[in-house]
Amino acid sequence: MAVMRMGYVHARVTDLEEAKNHYANTVGLYETLSEPGKVYYKGWDEWDHHSVVIEEGGVGVIKFGFKVEYSEDLDTIEKKARDFGLTVERMSKGDNPEIGDGVRFTSPSEHVFEVYHEATMVGTEVGFHNPDAFPRHLVGVGVPALDHALILAEDVRLMENMFVNVFDFYPTERAQTTLDDNDAHFIASWLTCNNQIHQIAVLEGPQSKLHHFAFKLGDWNEVGRAADLMAMDDVPIDIGPTRHGITRGQTIYFFDPSGNRNEVFAGGYPAYRDRPISKWTPDQLAKGIFYHAREINERFTTVST
């Protein structure tokens, strides 16, 4: 079984025109399809049809999509999800534009996950034949790709077990009350299935909520440039630029016009299955989240959509 990566985030927004301006002109995504009340986007270095969908009608996340390497992986995940006790349904090609058939289920945290193998390939903005390093005419921040998401759940241990047993993910970092896994209460878990430091993270909190979804950047310089552009566009910044102790990533958290939290994320160390899990105890959690200030602002822990 091989989940390769998070393929898309489908989120709600209160005002589609305001959201379009944010995601296209500030974040710098490329529009690939527009439907009544809904727009599809991709980053410049993504080759599948879309990675972000915004839909008018509220706030928060509607669903996540994960792409698998082989079509037979869908059967494997379906069986593993049922064995885990999840209610699973098949989705048909065309349920999501330019996405093939797959498996859909609701997690113990009440988030909807879709798993698929086929997606229409539209190519990157620099192509694959003697490509340049980046497109000449980037718009706004010009993010290359979707990176990860953080969701909230009442039972972090159960969600970690679900990702491990159904998706074959593994935890890279964890916040927990003691270093003994058997006795510890899990506060948060960061998980991946490849060498990316995390593709999904789960934080203890209200069911079905979104904390943020994040876009990839290259380095500190790009993070700093993104902060300047957000200031130019009057984008509300939650925190940053700063560094995480957890994952070691460089970051800015900011809000779209509807109040959904976004992030740009650079750096982070490579993940490996045999690397011991980095464990953070509550007394050092502020250092883990915001390495420089070592203080957590109230918005960061209380605002979700």
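Numbers here simply count residues along the sequence, with the first being 1.
Using the six-membered ring where Trp is involved, Phe167 and Phe163 have ring planes that are perpendicular, over 60° apart on the 30 and 60° scheme. Ring pair Phe66/Phe113 is tilted by interplanar angle, where 30° to 60° counts as tilted.
Between the side chain of Arg294 and the main chain of Tyr291, a donor-acceptor pair closer than 3.5 Å is present. Counting only distance, with no hydrogens or angles, the side chain of Trp280 and the backbone of Ile246 share no donor-acceptor pair below 3.5 Å. One N or O on the side chain of Thr301 and one on the backbone of Glu298 form a donor-acceptor pair closer than 3.5 Å. Between the side chain of Arg174 and the backbone N or O of Phe186 there is no donor-acceptor pair closer than 3.5 Å. Checking side-chain atoms of His185 against main-chain N and O of Thr177 turns up no donor-acceptor pair under 3.5 Å. Formation of a donor-acceptor pair under 3.5 Å by the Tyr30 side chain with backbone atoms of Glu125 is not found in this model. Under the 3.5 Å distance criterion, the side-chain polar atoms of Arg261 are matched with a main-chain donor or acceptor of Val303. With Gln250 contributing its side chain and Phe265 its backbone, the two residues share no donor-acceptor pair below 3.5 Å. Side chain of His111 to backbone of Lys209: a donor-acceptor contact under 3.5 angstrom is found. Side-chain atoms of Asp155 come within 3.5 Å of backbone atoms of Arg157 as a donor-acceptor pair (strictly under, hydrogens ignored).
Counted within 6.0 Å of CH2 on Trp47, heavy atoms from surrounding residues, nucleotides or ligands total 12 or fewer; the atom is thus considered open. The local environment of CD in Glu295 is sparse, with at most 12 non-hydrogen atoms from other residues, nucleotides or ligands closer than 6.0 Å.
The nearest pair of heavy atoms linking Phe105 to Ala81 is CD2-CB, 4.3 Å. The shortest heavy-atom contact between Ile252 and Pro241 is CG1-CA, 3.8 Å. Nearest heavy atoms, Leu146 versus Ala214: CD1-O, 3.4 Å. Closest approach of Val202 and Met159 over heavy atoms only: CG1-CB, 4.0 Å. Nearest approach of Asp101 to Leu74, heavy atoms of both residues: O-CD1, 3.7 Å.
Aromatic pair Phe255/Tyr253: ring centres not closer than 6.0 Å. In summary, the aromatic rings of Phe290 and Phe300 are positioned with their centroids under 6.0 Å apart.
With salt bridges taken as basic N to acidic carboxylate O contacts below 4.0 Å, one links Arg90 and Glu78. Salt-bridge formation is not detected for the pair Lys79/Asp75: no Lys NZ or Arg NE/NH1/NH2 atom is positioned less than 4.0 Å from an Asp or Glu carboxylate oxygen.
For the 3.5 Å distance criterion, the side chains of Asn262 and His22 qualify, holding a donor opposite an acceptor. A side-chain N or O of Asn21 and one of Asn25 form a donor-acceptor pair less than 3.5 Å apart. Side chains of Asp283 and Thr281: a donor-acceptor N/O pair is present below 3.5 angstrom, by distance only. A side-chain N or O of Tyr23 and one of Asp256 form a donor-acceptor pair less than 3.5 Å apart.
Asp95 meets the salt bridge (charged side-chain N to carboxylate O under 4.0 Å, His left out) test with Arg104; sequence neighbours excluded. By the side chain to side chain donor-acceptor pair (under 3.5 Å) test, Thr120 is found to be paired with Glu98, residues two or more places apart in sequence or in another chain being considered. For Arg248, there are no salt bridge (charged side-chain N to carboxylate O under 4.0 Å, His left out) partners two or more places apart in sequence or in a different chain. The side chain to side chain donor-acceptor pair (under 3.5 Å) search around Thr247 returns none, not counting sequence neighbours.
In this structure, Arg275 is positioned above the aromatic face of Tyr269, its NZ or CZ under 6.0 Å from the six-membered ring centre and within 45° of the axis.
Between Arg225 and Leu229, some side-chain heavy-atom pair lies under the 4.5 Å cut-off. Using a 4.5 Å heavy-atom cutoff, the side chains of Ile187 and Gln176 are not in contact. Looking at heavy atoms from C-beta onward, Ser304 lies out of side-chain contact with Ile151 at the 4.5 angstrom threshold. Side-chain contact check for Pro97 versus Tyr40: some heavy-atom pair is nearer than 4.5 Å. Put simply, the side chain of Glu222 does not reach to within 4.5 Å of the side chain of Val141, judged on heavy atoms. Side chains of Leu191 and Val164 form a contact here, defined as non-hydrogen atoms less than 4.5 Å apart. Two residues are said to be in side-chain contact when any heavy atoms from C-beta on lie closer than 4.5 Å; Phe84 and Leu158 meet this criterion.
Linking ILVMFWY side-chain heavy atoms closer than 4.5 Å, directly or via other members, places Val139 and Met232 in two distinct hydrophobic clusters. In the hydrophobic clustering of ILVMFWY residues, with side-chain heavy atoms under 4.5 Å counting as a link, Val122 and Tyr116 come out apart. Linking Ile, Leu, Val, Met, Phe, Trp and Tyr residues whenever their side-chain heavy atoms come within less than 4.5 Å places Val115 and Phe64 in a single cluster. Both Phe215 and Ile237 sit in one connected hydrophobic cluster of ILVMFWY residues. Membership requires side-chain heavy atoms under 4.5 Å apart, directly or through other members.
For residues 59-71, the pairs satisfying side chain to side chain donor-acceptor pair (under 3.5 Å) are Asp48-Lys67, Lys63-Asn96, Lys63-Glu114, with sequence neighbours left out.
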Would you tabulate the side-chain donor-acceptor contacts of residues 51-62 under 3.5 Å, counting partners in other chains and residues two or more places apart, or write 'none'?
from  : atom 1 : to    : atom 2 : distance (Å)
Ser51 : OG     : Glu46 : OE1    : 2.7
Ser51 : OG     : Glu46 : OE2    : 3.3
Glu55 : OE1    : His10 : NE2    : 2.8
Glu56 : OE2    : Leu16 : N      : 2.9

Determine whether Tyr170 and Thr192 satisfy the following criterion, side-chain contact (heavy atoms from CB on, under 4.5 Å), listing intermediate values before the conclusion.
CA-CA 6 Å; Tyr170 63 97; Thr192 191; 3.6 Å; yes

Taking it one step at a time, do Asn260 and Val13 satisfy side-chain contact (heavy atoms from CB on, under 4.5 Å)?
CA-CA 8 Å; Asn260 296 307; Val13 296; 4.1 Å; yes

Evaluate the side-chain contact (heavy atoms from CB on, under 4.5 Å) criterion for residues Val143 and Leu29: first the C-alpha distance (whole Å), next the side-chain angles of each, then the deciding distance (0.1 Å), finally the verdict.
CA-CA 7 Å; Val143 298; Leu29 296 173; 3.5 Å; yes

Verify side-chain contact (heavy atoms from CB on, under 4.5 Å) between Ile239 and Asn297, making sure each step is shown before the conclusion.
CA-CA 8 Å; Ile239 192 73; Asn297 68 42; 4.0 Å; yes

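Each of Gln196, His212, Lys216 was evaluated against His148; a single residue qualifies, His212, per the side-chain hydrogen bond (donor to acceptor under 3.5 Å, both in side chains) test.
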